[in-house]
Amino acid sequence: QVQLVESGGGLVQAGGSLRLSCAASGRTFSGWSMGWFRQTPGKEREFVAAIKWTSGYTYYADSVKGRFTISRDNAKNTVYLQMSSLEPEDTAVYYCAARPRTFIATTGDEYPYWGQGTQVTVSS
């Protein structure tokens with residue numbers, strides 16, 4: 001059974017940085033793709049970034065391009081989201097998601113496995 005556990009959220013001032021982690025377990029993830037999404041109350045879930053587990057190819061939402069970096073550590077079965085130059089608009093619950101397909105998807109419905117989420121709050 002696939003399990004995803006996020007960590008690393010917290011409170012940070014605008015302009016600061018945070019690194020989120022997503023520990024994945026339950027199988028090998030070769031050939032899968034992993035994504036990060038975020039959601040604030042009353043808003044739609046928003047795609048942030050995704051990575052192909054095997055090749056390491058990455059894709060980003062325009063709103064975070066140049067500020068966020070997604071990466072993975074195969075040995076630790078962990079995906080990271082390094083967030084820099086944080087803005088109050090980045091405040092959200094961040095979710096890790098996994099998809100048993102090589103090709104990256106940017107809609108949440110394409111990901112059958114989700115973590116519990118971690119809160120990121122950016123103060124102005």
Side-chain angles (χ1 to χ4, degrees):
Q1 183 177 353
V2 173
Q3 287 192 319
L4 305 173
V5 179
E6 301 99 332
S7 61
L11 173 64
V12 64
Q13 288 189 331
S17 300
L18 276 177
R19 188 178 78 159
L20 305 183
S21 300
C22 172
S25 62
R27 60 158 296 132
T28 57
F29 293 91
S30 175
W32 286 45
S33 54
M34 310 292 285
W36 285 97
F37 290 78
R38 64 187 182 186
Q39 190 168 25
T40 55
K43 289 190 176 181
E44 296 276 329
R45 182 171 49 194
E46 177 188 16
F47 169 78
V48 175
I51 186 168
K52 293 185 180 181
W53 190 278
T54 302
S55 69
Y57 173 83
T58 59
Y59 185 78
Y60 297 91
D62 287 343
S63 59
V64 306
K65 201 173 294 182
R67 300 189 298 124
F68 291 11
T69 302
I70 188 171
S71 62
R72 88 275 186 249
D73 185 327
N74 288 340
K76 295 182 178 180
N77 256 18
T78 299
V79 177
Y80 302 99
L81 185 68
Q82 177 67 49
M83 306 184 294
S84 302
S85 301
L86 283 162
E87 304 166 352
E89 293 73 23
D90 295 317
T91 295
V93 177
Y94 283 71
Y95 297 91
C96 175
R99 180 171 186 265
R101 296 288 187 274
T102 298
F103 297 106
I104 283 174
T106 60
T107 56
D109 291 346
E110 299 283 351
Y111 291 81
Y113 303 100
W114 292 82
Q116 81 288 352
T118 185
Q119 176 71 47
V120 172
T121 303
V122 184
S123 63
S124 57

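Just so it is clear, the model here is predicted, and its values are computed rather than measured.
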Q. Does the cation-pi check pass for K52 over Y57, that is, NZ or CZ under 6.0 Å from the six-membered ring centre and within 45° of its axis?
A. yes
Would you give the length of the straight line joining atom [atom1] of [X] to atom [atom2] of [Y], rounded to the nearest 0.5 angstrom?
X	Y	atom1	atom2	value
E110	I104	CD	CD1	12.5 Å
S124	E87	OG	CD	12.0 Å
R72	S55	CZ	OG	7.0 Å
S84	R19	OG	CZ	11.5 Å

Q) When you look at CZ of R101, are more than 12 heavy atoms from neighbouring residues, nucleotides or ligands closer to it than 6.0 Å? A) no
If Ile, Leu, Val, Met, Phe, Trp and Tyr residues are connected whenever their side-chain heavy atoms lie under 4.5 Å apart, and connections chain through other members, are [X] and [Y] in the same group?
X	Y	result
L20	Y59	no
V12	V64	yes
L11	L86	no
Y113	I70	yes

Q: Take R27 and W32 through the test side-chain contact (heavy atoms from CB on, under 4.5 Å) and record every step on the way to the result.
A: CA-CA 11 Å; R27 60 158 296 132; W32 286 45; 3.1 Å; yes
Q) Where the side chain of T102 meets the backbone of G31, is there a donor-acceptor pair that is under 3.5 Å apart? A) yes
Q) Is a side-chain N or O of E6 found less than 3.5 angstrom from the main chain of G117, in a donor-acceptor match? A) yes
Where do [X] and [Y] come nearest, in terms of heavy atoms and distance?
X	Y	result
S85	D90	O-OD2, 4.4 Å
S17	Q82	CB-NE2, 4.0 Å
G9	T118	N-OG1, 3.2 Å

Q. Tell me, do V122 and V120 make a side-chain contact under 4.5 Å, heavy atoms counted?
A. yes
Q: Tell me who clusters with Y80, hydrophobic residues only, linked when side chains sit under 4.5 Å apart either directly or through other members.
A: none
Let me have the donor-acceptor pairs involving side chains of residues 40-51, under 3.5 Å, with sequence neighbours excluded, atom names and distances please.
{"unit_1": "E46", "atom_1": "OE1", "unit_2": "R38", "atom_2": "NE", "d": "2.8"}
{"unit_1": "E46", "atom_1": "OE1", "unit_2": "R38", "atom_2": "NH2", "d": "3.4"}

**Q.** side chain to side chain donor-acceptor pair (under 3.5 Å) against W53, all qualifying residues, sequence neighbours excluded
**A.** N74
(Q) Going by the rule side-chain contact (heavy atoms from CB on, under 4.5 Å), which residues pair with A23 if we only count those two or more places apart in sequence or in a different chain? (A) T78
**Q.** Pairs flagged by disulfide (SG to SG under 2.5 Å) wherever residues 9-85 is involved - sequence neighbours left out
**A.** C22-C96
Q: Enumerate the residue pairs fulfilling ring-ring contact (aromatic ring centres under 6.0 Å, His included) with a member in residues 90-111, sequence neighbours excluded, ordered by first and then second residue.
A: F37-Y111
